[in-house]
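Data first, discussion second: the structure below is written as structure tokens.
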Amino acid sequence: MIETSVARYHPVAVALHWLLGLALIGNFALGLYMADLPFSPARLQYYSWHKWAGVLVLTFSLFRLLTRWLARPPALPKAIEAAMPVWQRLAHQATHHGLYLLFFAVPLLGWAYSSAAGFPLVLFGVLPLPDFVPVSEGLAEALKPLHKFSALTMAALVLLHVAGALKHRIVDRDGLLQRMAFGRG
């Protein structure tokens, strides 16, 4: 297919998309890096940064969802939608729904884990946030793998999202990526 003009997302939605994407990638990388470090002041600092970034992800996600409700995203162009097999349309919808669910679930599970483990969340080292759940070793042990599994699932969906975007750019050359680009098309 040849590149065509497509309706674009609202500029706030575009900015939040890229901010959230960078925050997710950075926080996922930090989470992987810090998880197996030996106990040290540096590891404690990385955990604080990871939690702060998680709060930012939660905040960006909330604003992204509000923006989506207030400025509805443009529909897929009819020609592009018609060219997609049913499984691709289903994968497109499932990926987006899964990502939105995990935008909230991953940081909330992390916050709950931190609270249950007895490590309060103090945003930027100055603003104590309320514990999400009471301190409970058993609950912390149950939440830790849920947080990890949901983060890995979100990383897989992000990779699927990026692969789909690259397919539209490199294989289909249908201009679909322009919907989420900065500036004017």
Side-chain angles (χ1 to χ4, degrees), residues 1 3-31 48-84 88-112 121-130 132 147 150-185:
M1 186 180 283
E3 291 201 24
T4 58
S5 177
V6 295
R8 300 169 59 84
Y9 279 79
H10 189 278
V12 173
V14 172
L16 287 169
H17 172 269
W18 292 107
L19 277 172
L20 185 56
L22 290 172
L24 290 172
I25 291 167
N27 209 25
F28 183 76
L30 180 59
S48 291
W49 293 347
H50 183 73
K51 291 193 267 187
W52 301 346
V55 172
L56 290 177
V57 165
L58 198 55
T59 304
F60 292 155
S61 299
L62 179 61
F63 283 121
R64 177 108 191 255
L65 189 58
L66 289 172
T67 300
R68 190 173 182 91
W69 284 335
L70 296 173
R72 300 295 299 165
L76 281 174
K78 296 289 183 207
I80 293 173
E81 190 172 10
M84 292 171 69
Q88 281 184 6
R89 286 195 301 272
L90 291 173
H92 163 83
Q93 289 185 353
T95 300
H96 280 90
H97 286 96
L99 282 170
Y100 271 93
L101 173 71
L102 292 168
F103 289 161
F104 292 94
V106 173
L108 289 173
L109 285 167
W111 189 347
L121 203 164
V122 182
L123 191 59
F124 306 122
V126 295
L127 180 62
L129 298 180
F132 204 61
H147 177 62
S150 64
L152 291 171
T153 302
M154 184 164 52
L157 289 180
V158 166
L159 289 174
L160 188 60
H161 178 70
V162 170
L166 290 173
K167 178 211 176 267
H168 280 283
R169 176 70 180 139
I170 297 167
V171 176
D172 298 340
R173 295 183 20 224
D174 55 19
L176 193 65
L177 264 65
Q178 286 306 110
R179 293 164 27 115
M180 207 38 98
F182 287 104
R184 297 183 180 188

> How would you list all residue pairs meeting ring-ring contact (aromatic ring centres under 6.0 Å, His included) that involve residues 61-80, not counting sequence neighbours?
Replying inline: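 Checked against ring-ring contact (aromatic ring centres under 6.0 Å, His included) - neighbours excluded - no pair reaches residues 61-80.
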
In Å, rounded to the nearest 0.5 Å, how long is the span from [atom1] of [X] to [atom2] of [Y]?
{"X": "Leu159", "Y": "Met154", "atom1": "CG", "atom2": "CE", "result": "11.5 Å"}
{"X": "Thr59", "Y": "Leu19", "atom1": "OG1", "atom2": "CG", "result": "11.5 Å"}
{"X": "Arg179", "Y": "His17", "atom1": "CZ", "atom2": "NE2", "result": "10.5 Å"}
{"X": "Tyr9", "Y": "Arg72", "atom1": "OH", "atom2": "CZ", "result": "10.0 Å"}

N/O donor-acceptor pairs under 3.5 Å from side chains in residues 93-105, not counting sequence neighbours:
from   : atom 1 : to    : atom 2 : distance (Å)
Thr95  : OG1    : Ala91 : O      : 2.7
His96  : ND1    : His92 : O      : 2.9
His97  : ND1    : Gln93 : O      : 2.7
Tyr100 : OH     : Arg64 : NE     : 3.3

For the student: nearest non-hydrogen atoms of [X] and [Y], plus distance:
{"X": "Leu58", "Y": "Pro107", "answer": "CD1-CG, 3.9 Å"}
{"X": "Leu109", "Y": "Ser150", "answer": "CD1-OG, 3.6 Å"}
{"X": "Arg89", "Y": "Glu81", "answer": "NH1-O, 3.0 Å"}

>> Taking side-chain contact (heavy atoms from CB on, under 4.5 Å) as the definition, give me every residue that meets it alongside Leu127, ordered by chain and number, with sequence neighbours left out.
In response: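 Testing Leu127 for side-chain contact (heavy atoms from CB on, under 4.5 Å), a comparison that skips the adjacent residues, returns Leu123, Leu129.
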
>> Using the side-chain contact (heavy atoms from CB on, under 4.5 Å) criterion, which residues pair with Pro11? Sequence neighbours excluded.
In response: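 Pro11: no side-chain contact (heavy atoms from CB on, under 4.5 Å) contacts found.
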
> Are side-chain heavy atoms of His168 and Ile80 found at a separation under 4.5 Å?
Replying inline: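 His168 vs Ile80: side chains touch.
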
>> Any heavy-atom pair between the side chains of Ser61 and Leu65 that's under 4.5 Å?
In response: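 A side-chain contact under 4.5 Å is absent here.
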
> Got a sec, which pairs hit salt bridge (Lys or Arg N to Asp or Glu O under 4.0 Å) with one end in residues 51-62, sequence neighbours left out?
Replying inline: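 Residue pairs passing salt bridge (Lys or Arg N to Asp or Glu O under 4.0 Å), neighbours aside: none found.
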
Distance-only donor-acceptor pairs under 3.5 Å for side chains of residues 22-30, two or more places apart:
from  : atom 1 : to    : atom 2 : distance (Å)
Asn27 : OD1    : His50 : ND1    : 2.8
Asn27 : ND2    : His50 : O      : 3.3

> Is a side-chain N or O of Arg169 found less than 3.5 angstrom from the main chain of Leu176, in a donor-acceptor match?
Replying inline: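 No.
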
> For the side chain of Trp18 and the backbone of Met180, is there at least one donor-acceptor N/O pair under 3.5 Å apart?
Replying inline: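 Confirmed, Trp18 side chain pairs with Met180 backbone.
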
